[in-house]
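Source: prediction; values computed, not measured.
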Amino acid sequence: MAKDVIIACDMPDRESVMGFLGRFGGEQPWVKIGMELFYAEGPSIVREIKERGFHIFLDLKLCDIPNTVRGAMRSLRGLGADIINLHAFGTADMMRAAIEGLTDEHGERKTKLIAVTILTSTSEETLHREVLIERPLAEACIAYAGNAKAAGLDGVVCSPLESPVIHERCGEGFLTVTPGVRFAGGEKGDQVRVTTPAKARELGSDYIVMGRPITGAADPVEAWRRARAEFLGGNA
């Protein structure tokens, strides 16, 4: 997979997301479909957007007992999503079960599976005080990435700040999909660990996820093009 910008389409319904994507004309950016849209419209919204030629990151962050996650992934594998994620703290057994669910009867798996490490809205202080993880945040992220790699996953969701060490430990081919990216001078919103698209490129992110800086812009298409230019440099 080539590096790119993924637009977080955290929208309430089909009308909103289709109206938004219609502004891109013949261009087809990567799209993240999260819980809000998926729970409102169901699997059909994934199929419809995929049929229109968009690449899809299905961001449902599954986390449950292995058998339940295996079955959920089996239900999701026919939707055509390019990437699906789950929570790394669901254990290696759960992650291996998820791979089994995404693998078809011919032994093929067409969807990349990645694991969320520590949410980019979580600070070091919150991790210690509320989640009761005493290890440093970066250390926890790296450990989760190592567990995901050992379980056979294709990559992780992490802050761009952790990308260099994760690639060092898990290999350059191990994907880092990184939210928490904002334009220089932009509002952070509820994100804590943030960088710019250019800095994310320097840190080695494979994909960056940007929502409100693009979806909330006066000209979303121009904002997306700017994000790609800054992240991909001369390759945009």
Side-chain angles (χ1 to χ4, degrees), residues 1-2 4 6-14 16-18 21 28-120 141 143-158 166 170-171 173-179 206-207 209 211:
M1 290 184 170
D4 215 328
I6 301 174
I7 303 175
C9 291
D10 296 320
M11 298 171 185
D13 51 40
R14 179 189 177 280
S16 300
V17 72
M18 288 307 179
L21 294 177
Q28 295 169 318
W30 270 83
V31 173
K32 181 179 81 71
I33 297 175
M35 298 179 198
E36 181 179 10
L37 183 59
F38 189 84
Y39 292 158
E41 298 293 343
S44 63
I45 195 66
V46 182
R47 294 191 185 95
E48 183 173 357
I49 292 174
K50 185 65 180 178
E51 287 171 359
R52 297 191 180 205
F54 294 90
H55 290 292
I56 295 175
F57 168 26
L58 185 55
D59 176 29
L60 299 182
K61 299 183 179 73
L62 273 65
C63 187
D64 211 311
I65 63 172
N67 190 58
T68 297
V69 170
R70 181 189 292 108
M73 289 296 183
R74 188 181 299 119
S75 296
L76 294 172
R77 76 185 183 205
L79 298 183
D82 299 275
I83 300 174
I84 295 178
N85 67 355
L86 44 64
H87 267 295
F89 62 70
T91 76
D93 283 346
M94 186 201 74
M95 290 189 274
R96 284 189 287 266
I99 290 176
E100 292 171 6
L102 282 177
T103 303
D104 65 22
E105 58 273 12
H106 304 294
E108 297 182 357
R109 178 167 62 88
K110 299 178 181 179
T111 301
K112 298 286 187 184
L113 181 62
I114 62 176
V116 177
T117 54
I118 305 294
L119 296 173
T120 50
C141 285
Y144 284 169
N147 291 341
K149 172 74 172 179
L153 271 64
D154 302 292
V156 291
V157 179
C158 63
I166 289 174
C170 299
F174 192 69
L175 299 176
T176 54
V177 178
T178 61
D206 293 296
Y207 292 88
V209 180

Set of residues satisfying side-chain hydrogen bond (donor to acceptor under 3.5 Å, both in side chains) with respect to [X], sequence neighbours excluded:
X      : value
Arg96  : Asp93
Ser16  : Asp13
Asp206 : His167, Thr176

Backbone N/O of Val209 and side chain of Thr178: donor-acceptor pair under 3.5 Å: no
Donor-acceptor under 3.5 Å (Thr111 side chain, Ala81 main chain): yes
Of all pairs that satisfy ring pair (Phe, Tyr, Trp, His ring centres under 6.0 Å), the ones with a partner from residues 60-100, not counting sequence neighbours: His87-Phe89
Smallest separation among heavy atoms of [X] and [Y], with atom names:
X      : Y      : answer
Leu37  : Cys9   : CD2-O, 4.1 Å
Gln28  : Arg52  : NE2-O, 2.5 Å
Pro179 : Val157 : CD-CG1, 3.6 Å

Residues that Ala148 engages under side-chain contact (heavy atoms from CB on, under 4.5 Å), provided they are two or more places apart: Met95, Ala115, Leu153, Val156, Phe174
Residues forming a salt bridge (Lys or Arg N to Asp or Glu O under 4.0 Å) with Glu51, sequence neighbours excluded: none
Residues which pass salt bridge (Lys or Arg N to Asp or Glu O under 4.0 Å) with Arg14, listed by chain and number, not counting sequence neighbours: Glu48
Side chains of [X] and [Y], heavy atoms from C-beta outward: is any pair under 4.5 Å?
X      : Y      : value
Ile114 : Tyr207 : no
Asp154 : Arg109 : yes
Lys50  : Leu79  : no
Leu86  : Met73  : yes

Report, one line per pair, each donor and acceptor closer than 3.5 Å where one atom sits in a side chain of residues 54-67; sequence neighbours left out.
from, atom 1, to, atom 2, distance (Å)
His55, ND1, Asp82, OD1, 3.4
Asp59, OD1, Lys61, NZ, 2.9
Asp59, OD1, Asn85, ND2, 2.7
Asp59, OD2, Lys32, NZ, 2.9
Asp59, OD2, Lys61, NZ, 3.0
Asn67, OD1, Arg70, NH1, 3.2

